[in-house]
Q: 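Let me give you the structure first, and then I'll get to my questions.
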Protein chains: 2
Amino acid sequence: MVTLAEVARRAEVTAATVSNVLRNPQKVKPATVERVMAAIRELGYRPNLTARALAQGRASTLALMLSNVTNPFYPEFVLAAEREARKRGYFLLVCNTDDDPAIARAYLHQIAGTLAAGVIVMNTDLAEQELTEIAQGGAAVVLCLWEHAQASRTLPCVTVDFAAAGALAAAHLSELRHRKIGALVGEGSGGPQSVRLRGFAEALAARGHAEKSLTVATSHDSIESGYEAAKALLLAKPALTALFATNDLMAIGAMQAAADMGRQVPHDLSIVGLTDIQLARQFRPALTTVRFPTAHIAARSVALTLEMVEGTAPAQALYQVRAPELVVRESTGPAPSRRRG
Amino acid sequence: MVTLAEVARRAEVTAATVSNVLRNPQKVKPATVERVMAAIRELGYRPNLTARALAQGRASTLALMLSNVTNPFYPEFVLAAEREARKRGYFLLVCNTDDDPAIARAYLHQIAGTLAAGVIVMNTDLAEQELTEIAQGGAAVVLCLWEHAQASRTLPCVTVDFAAAGALAAAHLSELRHRKIGALVGEGSGGPQSVRLRGFAEALAARGHAEKSLTVATSHDSIESGYEAAKALLLAKPALTALFATNDLMAIGAMQAAADMGRQVPHDLSIVGLTDIQLARQFRPALTTVRFPTAHIAARSVALTLEMVEGTAPAQALYQVRAPELVVRESTGPAPSRRRG
DNA sequence: TTGAAAGCGCTAACAG
DNA sequence: CTGTTAGCGCTTTCAA
């Protein structure tokens, strides 16, 4: 392995100068820069990022803690996060916690502040208290997409307006004249997706829908679970003409349940999801959903984390990025008229 | 940040002893171990992995270079890789190259051997020559799932028998009496998936199928592209009764194309994919496919890389893990009889 | 069983 | 503009 010192020797300067050539070239005489660059090239020198991190007291690495990359929401997020990190000279450590607080804790304690200069924590079951301690230990900690009722007051948080997202779905179904609506509420990491439901329910109420016209069921955040929940719900309440799911996976499961029960989507039953994962447009019928600005959130989270790492972050706590927006595709349509039954 | 030295002071020993307590406790008197552990606990000490890496000359980090996590094959792979790494005390850096050799190269040069002790390189457009140089620079480099004709002779490679996978698909369709078959060959990172096709074609030939009974078309490795390719193919050759796609995404696209063309799967048209990504069983009709032992490959790749990092790897070059296996689901059925046309 | 000392490769004042 | 010096926090011989 070629070191700075070897380059220095070859270029007949000291290590400090080589370091300067690499990091503040304007502080070095052009001729010297040339000579050093030549040496670097000839020797094939590559800076040792570990040594640099130790000397600087700051790693060039960021950690992303999420429950499980296998949830189709995450790959898009990870991609965008990694791109933003790379653009700024950082690398991305991906940490799956499997919704296990013990794993999350272990990760945090091992790498926050040492291996990773900052940590982006997606919705998790970890107590905020613990995260705050980690943050005091010197690592930049940014919360991302937390839907907890008790959203943080001490840690910065990048998120979207979950309630508004739910409201968009409600407005859409209401305009299509649906009056008997079912809702599937997901239980993801960090608790139920209840803010989305609340936004949905309140928007419905605001539009004059009776409270009992909405039937709520819970489900896990997966296609399989959405399938079961939707099936049960439709069996119990056959009169429902529309279903709102607090995430796309469940909505897709619901579409399959509808198909298996002989109900045509959207003719007999409309379905709206939330998030707009890739799958939403790839499935048939393509899913109407409320889009989260996923890539944007990811990039913003990374940017904020790095600003904190580098001490240039503004003293703001809540970052609400772009509003969610409705994406109408094929899974929603007008409520079936009563006549034709 | 609490350092070793502070712990040492508090426990009234030297840093060397604290270090030993952490890494070779059996070399330290039990009473001292106790005292040191107490100090660690009281102070909330957490080892600095960056410093450790520098001192040891070995990072506790592994890099996984892949084209794009957004391809549904990868999340499952990443998850398994990360679990294996974590189990062994390592962390996973995820690097998206976007099929851009320049990005791949930049990553490699920046982190291989310094930030990351080892690198797992999935199919890429990088010349093997370059990877070999990196490996000589001191990083463990492991190739994973390379399908190149020119598979490496100098770098270890974890892979599956691509030809056998194709052959399984062929045997299945042949047994279902399909005689006019179309094949969609993907163009993923690192070139066409031609070994899979070759295995498929040869198995067909071995079963007495005429060479011209197989029609081949190419496509990119995505649902959208598979859709287009399948549509064109079915339009050009309406007599085809079965389609083989060299990966599941294309197969799913093909299913949608068939649906849009009014062809019932599997009644009018059988479709077989390859890899068995999650989506394969979530789509309707569920896709018949040839399963790759994805998690197993991932774990093996990580294990091998770490063995190389730690110098305990056997001197073997090619690791073929478990055979692929056919998974029959709903997208394949007997060839339609001519009578009923 | 423990300590002293050197050093991993780099950065960051500060001096000249 | 360049060199000197002193670490960053940890590991690792080698002595004691």
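A, B, ... follow the sequence lines: proteins, then strands. Residue 1 opens every chain. Quick caveat, the model's predicted, so the values are computed rather than measured.
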Q: With ring-ring contact (aromatic ring centres under 6.0 Å, His included) as the rule and sequence neighbours excluded, what pairs involving residues 124-144 of chain B come up?
A: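 Found none.
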
Q: Sequence neighbours excluded, which residues qualify as side-chain hydrogen bond (donor to acceptor under 3.5 Å, both in side chains) partners of B:Gln26?
A: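 B:Gln26 satisfies side-chain hydrogen bond (donor to acceptor under 3.5 Å, both in side chains) with no other residue.
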
Q: For residues 48-60 of chain B, pull every pair meeting side chain to side chain donor-acceptor pair (under 3.5 Å), keeping only residues two or more places apart or in separate chains.
A: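 Those involving residues 48-60 of chain B are B:Arg23-B:Gln56.
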
Q: With sequence neighbours excluded, what pairs up with A:Arg10 under the side-chain hydrogen bond (donor to acceptor under 3.5 Å, both in side chains) test?
A: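 Counting only residues at least two positions away or on another chain, A:Arg10 forms a side-chain hydrogen bond (donor to acceptor under 3.5 Å, both in side chains) with A:Glu42.
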
Q: Test of understanding: with side-chain hydrogen bond (donor to acceptor under 3.5 Å, both in side chains), list the residues that count as partners of A:Asp100, not counting sequence neighbours.
A: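 Testing A:Asp100 for side-chain hydrogen bond (donor to acceptor under 3.5 Å, both in side chains), a comparison that skips the adjacent residues, returns none.
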
Q: Could you check if a side-chain atom of A:Val121 sits within less than 4.5 angstrom of a side-chain atom of A:Leu131, using non-hydrogen atoms only?
A: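 Touching, per the 4.5 Å side-chain cut-off.
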
Q: Taking the side chain as every heavy atom from C-beta outward, state whether A:Leu66 and A:Val78 have any pair of such atoms under 4.5 Å apart.
A: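 Answer yes - side chains close enough.
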
Q: Taking side chain as C-beta onward, heavy atoms only, is A:Arg83 less than 4.5 Å from B:Asp98?
A: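 Heavy-atom side-chain distance check passes, below 4.5 Å.
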
Q: What residues in residues 15-43 of chain B put a non-hydrogen atom under 4.0 Å from any atom of DNA chain C?
A: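 Here the set is B:Ala16, B:Thr17, B:Lys27, B:Val28, B:Lys29, B:Thr32.
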
Q: Using a heavy-atom cut-off of 4.0 Å to chain B, what are the terminal contacting nucleotides of DNA chain C, in 5' to 3' order?
A: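 Extent of the interface on DNA chain C: C:dT1 to C:dG9.
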
Q: May I ask you to list the residues of residues 46-57 of chain B, by number, that have any heavy atom positioned under 4.0 Å from an atom of DNA chain C?
A: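 Nucleic-acid contacts, sorted: B:Leu54, B:Ala55.
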
Q: Quick check: does any side chain N or O of B:Thr132 sit under 3.5 Å from a backbone N or O of B:Glu128, one acting as donor and the other as acceptor?
A: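 The answer is yes, because a donor-acceptor pair under 3.5 Å joins these two groups.
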
Q: Mark yes when over 12 heavy atoms from residues, nucleotides or ligands other than B:Glu310 sit less than 6.0 Å from its CD; otherwise mark no.
A: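 It does: B:Glu310 CD has more than 12 such atoms within range.
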
Q: With a 4.5 Å limit on heavy-atom distance, are the side chains of A:Leu92 and B:Val94 in contact?
A: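 Not in contact.
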
Q: Counting the atoms with a prime plus P, OP1 and OP2 as sugar-phosphate, which does B:Thr3 contact under 4.0 Å by heavy atoms, base, sugar-phosphate, or nothing?
A: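 Sugar-phosphate contact only.
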
Q: Note down the inter-axis angle between the two ends of the helix from C:dT1-D:dA16 to C:dG16-D:dC1, five pairs each, to the nearest 10°.
A: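 One end's axis against the other's: 30°.
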
Q: Once side-chain contact (heavy atoms from CB on, under 4.5 Å) is applied, do any residues pair with B:Val13, and if so which ones, sequence neighbours excluded?
A: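 Residues passing side-chain contact (heavy atoms from CB on, under 4.5 Å) with B:Val13: B:Ala8, B:Ala11, B:Thr17, B:Val18, B:Thr32, B:Arg35, B:Val36.
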
Q: Parallel, tilted or perpendicular: which describes the rings of B:Phe77 and B:Tyr74, with under 30° parallel and over 60° perpendicular?
A: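 Plane angle over 60°, so perpendicular.
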
Q: Walking along DNA chain D from 5' to 3', note the first and the last nucleotide with an atom under 4.0 Å from a heavy atom of chain A, and give both.
A: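 Endpoints of the contacted stretch of DNA chain D: D:dC1 to D:dG9.
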
Q: Per the ring-ring contact (aromatic ring centres under 6.0 Å, His included) rule, what does the pair list look like for residues 85-105 of chain B, sequence neighbours excluded?
A: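 Listed by first then second residue: A:Tyr107-B:Phe91.
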
Q: Do A:Cys95 and A:Ile111 have side-chain heavy atoms sitting under 4.5 Å apart?
A: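 A:Cys95 vs A:Ile111: side chains touch.
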
